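Counting starts at 1 for both ligands and their atoms, following the listed order. The figures here come from the full heavy-atom set of this structure, side chains too, leaving out hydrogens, waters and symmetry mates. Quick caveat: nothing in here was measured; it's all calculated off a predicted structure.
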Amino acid sequence: MNQQLNSIEETEKQKLATDKSILKIWGSSRLQGNVNISGAKNSALPAMAATLLSSEVCRLHQIPCLADINTMGKVLSALGAKIKQNGNTLDIDPRDLDNPEAPYELVRKLRASFFAIGPILARLGVARVPLPGGCAIGARPVDLHVRGLQALGAEVHIEHGMVNAYISGSKKKLQGAKIYLDYPSVGATETLMMAATLAEGETIIENAAQEPEVEDLANLCIAMGANIFGAGTKTIVISGVPKLHSVDYTIIPDRIEAGTFLIAGAITNSDITISPVVPKHLSAVISKLKSVGVRIIQETSDSLRVLHGETLKSTDIDTQPYPGFPTDMQAPFMALLSVCSGSSSMTETVFENRMRHVSELNRMGANIRVKGNHAIVQGVPKLSAAPVVGTDLRASAALILAALAAEGETTFQGLQHLNRGYEQLDIKLQKLGAKLQKVDLVKENHTFPSSI
Ligand code: EPU
């Protein structure tokens, strides 16, 4: 426990430093070498929540060291779990889970911590989790989570910004049910799948999200003793069990980090190899990279190599739930499209406000017009460095990618977003030969230009 508190204090200090840091990037260098892909953030977060379902200590491997993971750790601690971190391995002891209420300050920072409502309710018979609210990319309601829990027999009341859920009756057990999701929400599928593992009877989730992270979560729960069939397809069937046991589980590689590095190779016309990856998880991204002219070779079952291509050309992309093109790759891919010859279109269909990188890319010389959630990208021969600000995680990744290809020195502000989802991105890029440097504005007595 002390180890955990120390690590959290350390992260707070790092965060303060990060908020006052910028990244300077000198573009146009070729990259070369191998990149080690971290464990998937979006698998790790629900996996941590899922350990609350167990009455024994659970061990998770390949958990990336990220700000979001630390916030989730704090949520679990606040609920009564004990956490020990050793590098990328987490030991979570949920035996003393006794507080059903997640703190607002933490849920506000990390909306994925709302997904813990399913496990808390299933274990304690009661859960109080604040509504997470919207964020930079959209309103992000949780109505599908709430309706699904109600279908499983929970009483749910929302008052004063708090979702109060409880199971009435003496048995304190959720009841299996047939749930149709109006939209294949990743988070709602995960919340309901976790809750249903300890329910009485059978639950069927129809129009479920098919993302690899949902399947990974199901595999984790199965390894803990749950009965789950069909995860990774549109219909998931869960047959409830009385309790779940301990587990030693390694989560999947991060397909979005992998895709970001494939684009880093493509946009700098470089030769880099990424591993470990599950190539199947990247099918839509690889297909679009190939259609713009990037050469990608599967070197081994878990590694991909991106190579110097010909002149890159335009393509059209719509984001879709998996197996479609991922919304999390929309901004990074747009950085690449901005230097592909011809006119490309990019349509965001998953979130309503995920085009905020466009104005910053245009400040770097890109030629992109946006109407609603539709962008027309007219390729330019070269981007030029500029001071830029990242507004969310993937928008920040897009700007870093653009900076790697741009002529001159880019100053990037927004490391607090980047550190939520990319483990040591600056160090990994430096190892490939990219020229970049983190600068502490306070130490250097710098101020960021006021015009941005
Ligand atoms: N939605 C509703 N009602 C709900 C739930 C979702 O209307 O109850 C809507 C959302 O507002 C959105 C759409 O459904 O417009 C899709 O949302 P979804 O629930 O699928 O997303 P999520 O579970 O909140 C996860 C990832 C996101 C990723 C999306 C889509 C985690 C922790 N987050 O979010 O990751 O973009 O799925 O694939 O798993 C990121 O990593 O940068 C990130 C935002």
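- Residue Arg111 approaches ligand 1 through these ligand atoms, each under 4.0 Å from one of its heavy atoms: 24 (O).
- A heavy-atom distance below 4.5 Å is not found between the side chains of Arg140 and Pro132.
- The Ala112 neighbourhood of ligand 1 comprises atoms 32 (C), with distances under 4.0 Å to a heavy atom of that residue.
- Looking only at heavy atoms of the protein, atom 8 (O) of ligand 1 is closest to Leu144 N, 2.8 Å.
- The nearest protein atom to atom 19 (O) of ligand 1, hydrogens excluded, is given as Ser185 OG, 2.6 Å; this is a heavy-atom distance.
- In the displayed structure, His160 atom NE2 is contacted under 6.0 Å by at most 12 heavy atoms of other residues, nucleotides or ligands.
- For atom 25 (C) of ligand 1, the nearest non-hydrogen atom from the set Asp328, Val186, Leu45, Leu393 comes from Val186.
- When only non-hydrogen protein atoms are considered, atom 30 (C) of ligand 1 lies nearest to Thr327 CG2, 3.8 Å.
- Atom CZ of Arg128 has more than 12 heavy atoms from other residues, nucleotides or ligands within 6.0 Å.
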- Task: Evaluate the criterion side-chain contact (heavy atoms from CB on, under 4.5 Å) for residue pair Leu131 and Met162; output intermediate values, then yes/no.
- Result: CA-CA 6 Å; Leu131 283 169; Met162 179 70 86; over 6 Å; no

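- Note on ligand 1: Arg354 sits in its first shell, one or more heavy atoms being nearer than 4.0 Å.
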- Show your working on side chain to side chain donor-acceptor pair (under 3.5 Å) between Asn207 and Tyr183 and close with a plain yes or no. CA-CA 7 Å; Asn207 200 27; Tyr183 184 89; over 6 Å; no

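- Using modelled atom types and a 3.5 Å distance limit, the side chains of Thr315 and Ser344 yield no donor-acceptor pair.
- Considering backbone and side-chain atoms alike, Tyr183 places every N or O at 3.5 Å or more from each N or O of ligand 1.
- Rounding to the nearest 0.5 Å gives a distance of 11.0 Å between CG of Leu404 and CG of Leu399.
- For atom 7 (O) of ligand 1, the nearest non-hydrogen atom of the protein is Pro141 CG, 3.3 Å.
- Using a 3.5 Å distance cut-off with no hydrogens or angles, the side chains of Tyr322 and Arg255 do not pair a donor with an acceptor.
- The closest approach between any non-hydrogen atom of Ala188 and ligand 1 is not below 4.0 Å.
- For a threshold of 3.5 Å applied to N or O pairs, the pair formed by Gly187 and ligand 1 contains at least one separation below that value.
- Listed here is the closest heavy atom pair of Ser338 and Ala366: CB-CB, 3.8 Å.
- Nearest protein heavy-atom neighbour of atom 21 (O) of ligand 1: Phe351 CZ, 4.0 Å.
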- Item | Verdict with reasoning, Met48 to Ile92, per side-chain contact (heavy atoms from CB on, under 4.5 Å) | CA-CA 8 Å; Met48 289 171 74; Ile92 303 177; 4.1 Å; yes

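- Checking atom 28 (C) of ligand 1 against the protein gives a heavy-atom contact under 4.0 Å.
- Distance from atom 26 (C) of ligand 1 to its nearest protein heavy atom, with residue and atom name: Asn42 ND2, 3.5 Å.
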- Item | Stepwise side-chain contact (heavy atoms from CB on, under 4.5 Å) check, Leu149 with Ile117 | CA-CA 9 Å; Leu149 292 174; Ile117 193 169; 3.9 Å; yes

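- With a 4.0 Å heavy-atom cut-off, ligand 1 is reached by the backbone of Val350 and by its side chain too.
- Closest to atom 3 (N) of ligand 1 among all protein heavy atoms lies Asp143 OD1, 2.7 Å.
- Close contacts between ligand 1 and His145 involve ligand atoms 8 (O) [criterion: under 4.0 Å to a heavy atom].
- Within the 6.0 Å centre-distance limit, the rings of His145 and Phe114 are counted as a close aromatic pair.
- For Lys41, the heavy-atom gap to ligand 1 drops under 4.0 angstrom.
- At least one heavy atom of Phe115 sits under 4.0 Å from some atom of ligand 1.
- In this structure, of Arg140, Glu352, Arg394, the residue bringing a heavy atom nearest to atom 34 (O) of ligand 1 is Arg140.
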